[in-house]
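Worksheet: one structure, shown below.
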Amino acid sequence: MTVRLTDKPIDYHLVTESVRTPRAGAVVLFLGTVREFTDDQQTTALDYDAYPEMAITKMEELVAEAGEKWPILNAVIEHRVGHLELGEVCVAVAVSSPHRKEAFHAGQFLIDELKVRVPIWKKENWIDGQSEWVHPGEEESVRSNTPSS
Amino acid sequence: MTVRLTDKPIDYHLVTESVRTPRAGAVVLFLGTVREFTDDQQTTALDYDAYPEMAITKMEELVAEAGEKWPILNAVIEHRVGHLELGEVCVAVAVSSPHRKEAFHAGQFLIDELKVRVPIWKKENWIDGQSEWVHPGEEESVRSNTPSS
Amino acid sequence: MTDPELTMNLTVKLFARARDLAGTSHADVTLSNQQTVEEMLSQLVIHYPQLASIRESLLVAVNNEYVPSETVIPANAEVACFPPVSGG
Amino acid sequence: MTDPELTMNLTVKLFARARDLAGTSHADVTLSNQQTVEEMLSQLVIHYPQLASIRESLLVAVNNEYVPSETVIPANAEVACFPPVSGG
C-alpha cells in the first residue's frame, strides 16, 4: 500500500505494475484526467494545491480502510500537484485483488472518498483568462482574476 | 470503440492511452490477470481458446451497448488467446467518460458481460500436471490429463 | 434414404471441452431441411457419443448469434456448439 | 492585556481560496488557552476580514485530523484552515 504526491507527470503504468501480483485475478486502475469542458465552460489548465502532510495521512487512511472492507492485495494512490495541462493525469488509483468485484468496489471507494476527505484543491483556469478555485458546497462561486501559478 | 483478440502479450498501457482524450475526466482500466490460487488449487498457467469471429461480434455488441447505457467517450477491449503464464494479462478493458461514475459502471458492465456472453474459454493447468476446462454451470467438473497446448 | 434435395450436410464448429471430447473442431452432421437446433444436437450426439455427458450445457450459435433449441437451422448457416464460456 | 501565561500565539496554515483571500499561507492569531476552533475562526476573521465571506464553509484540521467547531485547540497543535476539498 503506497500513497504519493508528486509535481511530476504521473507514470500510471508504473503505478499499475506496482499492484500486480500472481495472487491477483483483477486489477482496476482509475485515472482522473484534466477535462476540457465542464458543462459549457472551457478549461485550459488546472492548478492543484495540497496540504501535503495531511493529504498523505488521509490517503494512507483510505487505503487502510479499503483493506479492511475488501480482500484487496495492494492499493496505490498517486496524486499530482502544481500546474496541469489538458488531458494530463491528476490522480491514479490502482487496486489489485483476487476477484474483480472487490477491485472495482475498492477503486471506486478510494476515488470517491479521496474527493471528499483528502486536502487537495483544484483551480480551474478558464479560456477567458479567469481562474477559479473549485470548492464544492460553497454557496457562491467566487471568480477571481488571479493568474494561474 | 475497438475490440481485439491477440495471441501476443497485451500492452495495456497502449490500450489505456487509446481511450484517453481531453474530453474525458475519468478513465477506468480493468485487467484480468492469471491468478495462481483458486481456493486451494494452484494454477501454473492458462490456455485460452476462442471462437474468433463470434467473440469479436459479441465484444463489438458489448461496447455498443455500453455506449447506449452511459455517455462514454471511448471503450476498448483486448483479450488474449493461447498460452498464458502466471501473472500475465488475459483481458484489458478501458473506458473513458466525462465523469467517473459512468466509467466505473461501463467498465464493470463490459467485463461482467464479457464473462457470460463472449465465446472464449479458459483451461486451467494445475500444479499436479492435470488440466481442466472452466465451464461455469456444468454439473460436474471433468478433469482430464490432456497436456496444455 | 432421404431425398438428397431435403438434406443438408452441416459442419458444426466445436470449441473447448466439446472439441476435446469429440476429438475434432469440425463435426459433420447430416440434417433434413427445417430441422431445429435440438434435432441437430441429437444428430451430433449420435455421431459423437462422447458429447452426451455435456449435451445439456451446450450452447449453440448460428451465424454468430446464440439461438434457443427450437430455432430452425437455415441453409448455409455457420453453426457452432460449445460449453458455457469462461473468458476474462 | 491577558496574562501571557494564558495566551498562545498560533500560526494557522491556509490553503486554496482561503490563502488567496487572506494573502498569506500562514495566518497568525493569538488565542487564550482552552479556546475552541470556533473561537479561533472568530479571531482569524477579525485579523483577516477577507475570510468572512467563506467562514461558514471553512474546514479546520488539528494535527492532520478534521475537527468540529467545539474542539478545544491543544497547545503546540498544527492547525490548518481551508475550504472544501476538490482533489481527484
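Residue numbering restarts at 1 for every chain, and letters A, B, ... go by the order of the sequence lines. The structure presented is a predicted model; accordingly, all values stated were derived computationally and were not measured.
B:Val116 touches chain C through its backbone: at least one of N, CA, C or O sits under 4.5 Å from a heavy atom, while the side chain does not. Looking at B:Val118, only its backbone comes within 4.5 Å of chain C, counting heavy atoms on both sides. Heavy atoms of B:Tyr48 lying under 4.5 Å from chain C belong exclusively to its side chain. Neither the backbone nor the side chain of B:Ala92 comes within contact range of chain C; no heavy atom of the residue lies under 4.5 Å from a heavy atom of that chain.
Within a 6.0 Å sphere centred on CD of C:Gln34, other residues, nucleotides and ligands contribute 12 heavy atoms or fewer.
Between B:Trp133 and C:Pro83 the shortest side-chain heavy-atom distance does not fall below 4.5 Å.
Here the closest heavy-atom approach between residue C:Val85 and residue B:Lys115 is recorded as CG2-O, 3.4 Å. Annotation for C:Ala61 and B:Met54: closest pair CB-SD, 3.4 Å, computed over non-hydrogen atoms. Residues B:Pro119 and C:Phe82 approach most closely at CB-CZ, 4.0 Å, considering heavy atoms. Smallest separation of non-hydrogen atoms from B:Cys90 and C:Gly88: SG-O, 3.8 Å.
B:Glu60 CD to C:Asn64 CG: the interatomic distance, rounded to the nearest 0.5 Å, is 10.0 Å. The CG atom of C:Asp20 sits 5.5 Å away from the NZ atom of B:Lys123 when rounded to the nearest 0.5 Å. One distance of note links CG of C:Leu14 with OH of B:Tyr51; it measures 11.0 Å at 0.5 Å rounding. The distance from the CG atom of B:Asp49 to the CZ atom of C:Arg19 is 4.0 Å, given to the nearest 0.5 Å.
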Query - Full working for side-chain contact (heavy atoms from CB on, under 4.5 Å) between C:Arg17 and B:Glu132 - result: CA-CA 9 Å; C:Arg17 186 178 290 146; B:Glu132 187 177 350; 4.1 Å; yes
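Between the side chain of C:Ser86 and the backbone N or O of B:Val134, at least one donor-acceptor pair lies under 3.5 Å.
Per-residue counts of heavy-atom pairs under 4.5 Å with chain C were compared for B:Glu61, B:His79, B:Arg80; the largest is that of B:His79.
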